[in-house]
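Taking it in order: structure first as structure tokens, then the write-up.
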Amino acid sequence: MNIIVTKRVGGLARTIITILAASSQNLRPSSSSSSSSTFVLQVASAFSVTPIDTRSVRQDSYQHNRRSFIIDHNNNCSSRSYCTRTHQISKLQQHRTKSTMSSSTNNQNQGDATFANASATKNIPTFDGDEKAKATDFANYFSAYSQLYHQKQMLTDHNRMAAYHSAIVGNSEVFKDKVVMDVGTGSGILACWAAQAGAKRVYAVEYTDMAKHARNVVRANGLDHIVTVIQGAVEEVILPEEDWERFGLTLQNGKQQTSDGKKDQRVVDIIISEWMGYFLLRESMLDSLVRARDTFLKPTSGLMMPSHATMMIAPIVDEEERKAQQNEYAAGMEDWKEFAETTSNLYGVDMSVLEADFDREQKEYYVLSSRWAELPTSCLLAECAVVKELDMHVCSVEDARGVGLSVGEDEGNGAPFDFDVVGRSLAENDDGGGLIGPISGFAGWFTVDFKSRTDDAGKDVAPQVPNPAYLSTGPEMGYTHWGQQVFHLPSAIPLLADQTTRIQGTLEMMRTKDSARLYNVRFRFSSSRRRTSSQDRDGDVLMKGKPEELVYQIP
């Protein structure tokens with residue numbers, strides 16, 4: 001038996017304890033809820049989880065050979081970021097800890113390769129992972145989505161809801177009498193909208209036990225004759241055989257085809273999905289969406305919603321938060337020094353040999369981890385730069401691997417950016433233009449469009465989308481549950497009056513070594529200053545800083 005403990009910090013603190021067994025018979029829900037709670041409390045104690053009692057334990061889900069429990073904590077977490085730590089043991093009395101977040105700053109593999117959140121081919125486990133990889137993926141990723149509190153967080157994101165509602169219900173003539181697939185249906189609301197918009201058949205695919213709630217929602221809204229909820233990984237879904245005749249499923253060319261004894265399933269007219277993670281790619285659901293598209297969507301007449309996605313970054317001023325991180329890091333190191341001195345004086349053991357490793361851990365967490373933020377537009381210091389664009393009808397699994405990478409590699413030339421940040425003006429007749437700054441770091445976010453196909457193969461074949469919709473997670477939109485990812489600089493770059501600071505460099509985004517769903521981001525850049533009055537960006541340079549390279553983890 002293996003036990004995975006996932007701690008989530010941020011907003012309401014929760015711990016998810018997932019118990020894995022070789023046989024589902026060993027995990028049948030007990031008739032005694034108190035005995036289950038007591039066992040979970042023993043696990044929580046072994047992992048030094050915040051003190052709790054049986055009233056804070058509730059069963060999360062029971063699926064196959066996995067049984068999960070939720071622990072709600074009473075402590076308030078003020079940090080606007082969250083972290084995930086995973087622990088795996090074979091015996092409760094002999095446990096060891098590993099982090100799911102692998103930093104590439106020192107090229108050290110912090111995880112256990114035999115229990116990594118990735119398949120042997122570095123794909124997401126639902127595609128070709130073994131049972132261990134799939135179990136870890138369930139505990140670290142899918143288990144959170146089986147909770148109604150998590151679904152509610154997304155359902156109360158009104159920018160998100162309005163965009164999808166407009167895209168679907170606002171284009172009912174596109175959905176009328178169509179076959180639709182909702183990949184990662186969650187509560188089933190997008191599938192319900194598709195049915196209300198006139199679809200003749202909707203396949204709502206959901207991996208977690210949230211599928212049970214989705215069925216209830218579909219049934220309660222009188223749409224179960226149109227919407228069928230399929231529980232499982234979309235990579236493994238086979239459309240119901242009886243639907244071919246009942247709903248007149250046909251391929252784009254009107255013929256039935258088989259390959260290697262398998263029926264061609266490209267009968268879906270529209271795929272809808274809310275697949276986007278932090279800074280678009282985190283969570284790597286794009287892999288599953290691309291494979292679903294290639295398996296089920298009609299090649300040139302089918303539509304993807306959203307149809308296009310764009311990632312962008314911009315320099316920001318965010319000094320209060322940046323300094324708070326630096327102070328937390330400094331406080332952690334001061335605490336270490338006191339600990340080491342106390343241990344030496346009281347117990348006669350010198351722990352100073354570990355200080356460099358502790359410093360690295362603290363720096364990776366406090367300084368070199370991105371932070372979730374809801375930034376005001378006043379924080380932006382320059383126009384954003386696009387670092388990646390995706391056409392959902394033609395993008396590939398390779399595109400999902402990251403940003404600015406060479407094909408098949410974990411690094412590349414990067415996506416370029418070049419910002420001019422204008423300092424405030426001292427001229428008497430000036431209207432006070434320019435910025436005070438300083439440059440605290442970079443913020444990253446994304447937008448998605450719901451519009452007609454633009455690719456050569458489909459733009460003249462697929463139906464036109466008469467009422468395009470748009471969703472941005474940028475500062476101009478206010479709150480979205482995605483927010484922005486902020487990458488604070490270790491030291492701010494000052495802005496000087498009557499001078500323009502240029503930040504020029506590249507961004508790379510790559511998957512971590514231990515998890516195909518988590519990413520690191522590498523910034524390579526240099527800064528320079530010139531007189532604002534100068535028309536030559538490359539000449540008349542007053543200052544040129546040395547090249548910098550910073551690698552952040554997106555937790």
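The chain is numbered in sequence order, starting from 1. Treat the numbers as computed from the prediction; the structure is a model and nothing was measured.
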Heavy-atom distance under 4.5 Å between the side chains of [X] and [Y], does that happen here?
{"X": "Leu239", "Y": "Tyr203", "answer": "yes"}
{"X": "Ser288", "Y": "Glu235", "answer": "yes"}
{"X": "Glu508", "Y": "Leu405", "answer": "yes"}
{"X": "Gln553", "Y": "Leu368", "answer": "no"}
{"X": "Trp445", "Y": "Gln485", "answer": "no"}
{"X": "Val174", "Y": "Gln464", "answer": "no"}
{"X": "Ile271", "Y": "Val180", "answer": "no"}
{"X": "Pro555", "Y": "Tyr278", "answer": "no"}

Worksheet entry | Sub-6.0 Å ring centroid separation between Phe279 and Tyr519 |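 Distance test on ring centres: not under 6.0 Å, no.
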Worksheet item: Can the ring centroids of Trp193 and Phe175 be said to lie less than 6.0 angstrom from one another?
Response: no
For [X] versus [Y], what's the shortest heavy-atom pair and its separation?
{"X": "Ala167", "Y": "Asn171", "value": "O-ND2, 2.9 Å"}
{"X": "Gly474", "Y": "Ser472", "value": "N-OG, 3.0 Å"}
{"X": "Pro306", "Y": "Met276", "value": "CG-SD, 4.3 Å"}
{"X": "Val234", "Y": "Ala292", "value": "CG2-CB, 3.7 Å"}
{"X": "Ala163", "Y": "Phe450", "value": "CB-CE1, 4.3 Å"}
{"X": "Gly444", "Y": "Phe487", "value": "N-CE1, 4.3 Å"}

Item to complete: Please test Lys459 against Asp455 for side chain to side chain contact (heavy atoms under 4.5 Å, CB included), starting from the C-alpha separation and ending with a verdict.
Response: CA-CA 6 Å; Lys459 64 183 180 181; Asp455 61 295; 5.5 Å; no
Main-chain N/O of [Y] paired to [X] side chain as donor or acceptor, under 3.5 Å:
{"X": "Asp264", "Y": "Arg266", "value": "yes"}
{"X": "Lys200", "Y": "Val179", "value": "no"}
{"X": "Asn159", "Y": "Met477", "value": "yes"}
{"X": "Asp449", "Y": "His308", "value": "no"}

Practice prompt. Go through the steps for Arg522 and Glu411 under the test side chain to side chain contact (heavy atoms under 4.5 Å, CB included), then give the verdict.
Written response: CA-CA 9 Å; Arg522 177 187 288 117; Glu411 59 182 354; 4.2 Å; yes
To the nearest 0.5 Å, what is the distance between [atom1] on [X] and [atom2] on [Y]?
{"X": "Tyr149", "Y": "Met154", "atom1": "OH", "atom2": "CE", "result": "10.5 Å"}
{"X": "Leu471", "Y": "Thr447", "atom1": "CG", "atom2": "OG1", "result": "8.0 Å"}
{"X": "Leu190", "Y": "Ser273", "atom1": "CG", "atom2": "OG", "result": "8.0 Å"}
{"X": "Ile168", "Y": "Ile272", "atom1": "CD1", "atom2": "CD1", "result": "4.0 Å"}
{"X": "Thr473", "Y": "Leu280", "atom1": "OG1", "atom2": "CG", "result": "8.5 Å"}
{"X": "Met210", "Y": "Ser187", "atom1": "CE", "atom2": "OG", "result": "7.5 Å"}

Worksheet item: Does Glu241 have any salt bridge (Lys or Arg N to Asp or Glu O under 4.0 Å) partners at least two apart in sequence or in another chain, and if so, which?
Response: Lys263
Per-pair distances, 0.1 Å, donor-acceptor, side chain in residues 391-403, under 3.5 Å, sequence neighbours excluded:
from: Asp391; atom 1: OD1; to: His393; atom 2: N; distance (Å): 3.0
from: Asp391; atom 1: OD1; to: His393; atom 2: ND1; distance (Å): 3.2
from: Asp391; atom 1: OD2; to: Thr454; atom 2: OG1; distance (Å): 3.4
from: His393; atom 1: NE2; to: Met304; atom 2: N; distance (Å): 2.9
from: Ser396; atom 1: OG; to: Glu398; atom 2: N; distance (Å): 3.3
from: Ser396; atom 1: OG; to: Asp399; atom 2: N; distance (Å): 3.3
from: Ser396; atom 1: OG; to: Asp399; atom 2: OD2; distance (Å): 3.3
from: Glu398; atom 1: OE2; to: Arg401; atom 2: NH1; distance (Å): 2.5
from: Glu398; atom 1: OE2; to: Gly408; atom 2: N; distance (Å): 3.1
from: Asp399; atom 1: OD2; to: Ser396; atom 2: N; distance (Å): 2.8
from: Arg401; atom 1: NH1; to: Glu409; atom 2: O; distance (Å): 3.3
from: Arg401; atom 1: NH2; to: Glu409; atom 2: O; distance (Å): 2.3
from: Arg401; atom 1: NH2; to: Asp410; atom 2: OD1; distance (Å): 3.3

Discussion item. List the residues meeting side-chain contact (heavy atoms from CB on, under 4.5 Å) with Ala211, not counting sequence neighbours, and say none if there are none.
Written reply: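 Ala211 satisfies side-chain contact (heavy atoms from CB on, under 4.5 Å) with Glu206, Arg215, Val229, Gln231 only.
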Worksheet item: Can the positive tip of Arg160 be found less than 6.0 Å from the middle of the six-membered ring of Tyr470, inside 45° of the ring normal?
Response: no
Worksheet item: Looking at residues at least two apart in the chain, or sitting in another chain, which of them share a side-chain hydrogen bond (donor to acceptor under 3.5 Å, both in side chains) with His158?
Response: none
In a table with atom names and distances, give each donor-acceptor pair under 3.5 Å that connects a side chain of residues 294-303 to protein atoms at least two apart or in another chain.
from: Thr295; atom 1: OG1; to: Arg291; atom 2: O; distance (Å): 2.8
from: Lys298; atom 1: NZ; to: Asp269; atom 2: OD1; distance (Å): 2.9
from: Thr300; atom 1: OG1; to: Gln252; atom 2: OE1; distance (Å): 3.4
from: Thr300; atom 1: OG1; to: Gln252; atom 2: NE2; distance (Å): 2.3
from: Ser301; atom 1: OG; to: Gln252; atom 2: OE1; distance (Å): 3.3

Worksheet entry | side chain to side chain contact (heavy atoms under 4.5 Å, CB included) evaluation trace for Val202 with Met181 | CA-CA 6 Å; Val202 181; Met181 177 174 283; over 6 Å; no
Worksheet entry | Distance-only side-chain donor-acceptor flag, Asp157 / His481, under 3.5 Å |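 The criterion, which ignores hydrogens and geometry beyond distance, is satisfied for His481 and Asp157.
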Could you list the donor-acceptor pairs under 3.5 angstrom formed between side-chain atoms of residues 216-223 and any protein atom two or more places apart in sequence or on another chain?
from: Asn216; atom 1: OD1; to: Arg219; atom 2: NH1; distance (Å): 3.0
from: Asn216; atom 1: ND2; to: Lys212; atom 2: O; distance (Å): 3.4
from: Asn221; atom 1: ND2; to: Val217; atom 2: O; distance (Å): 2.8

Item to complete: With side chain to side chain contact (heavy atoms under 4.5 Å, CB included) as the test, would you mind laying out the steps for Lys178 and Val268 before giving the verdict?
Response: CA-CA 8 Å; Lys178 295 297 193 297; Val268 172; over 6 Å; no
Practice prompt. Answer yes or no: are there more than 12 heavy-atom neighbours, outside Glu245 itself, under 6.0 Å from its atom CD?
Written response: no
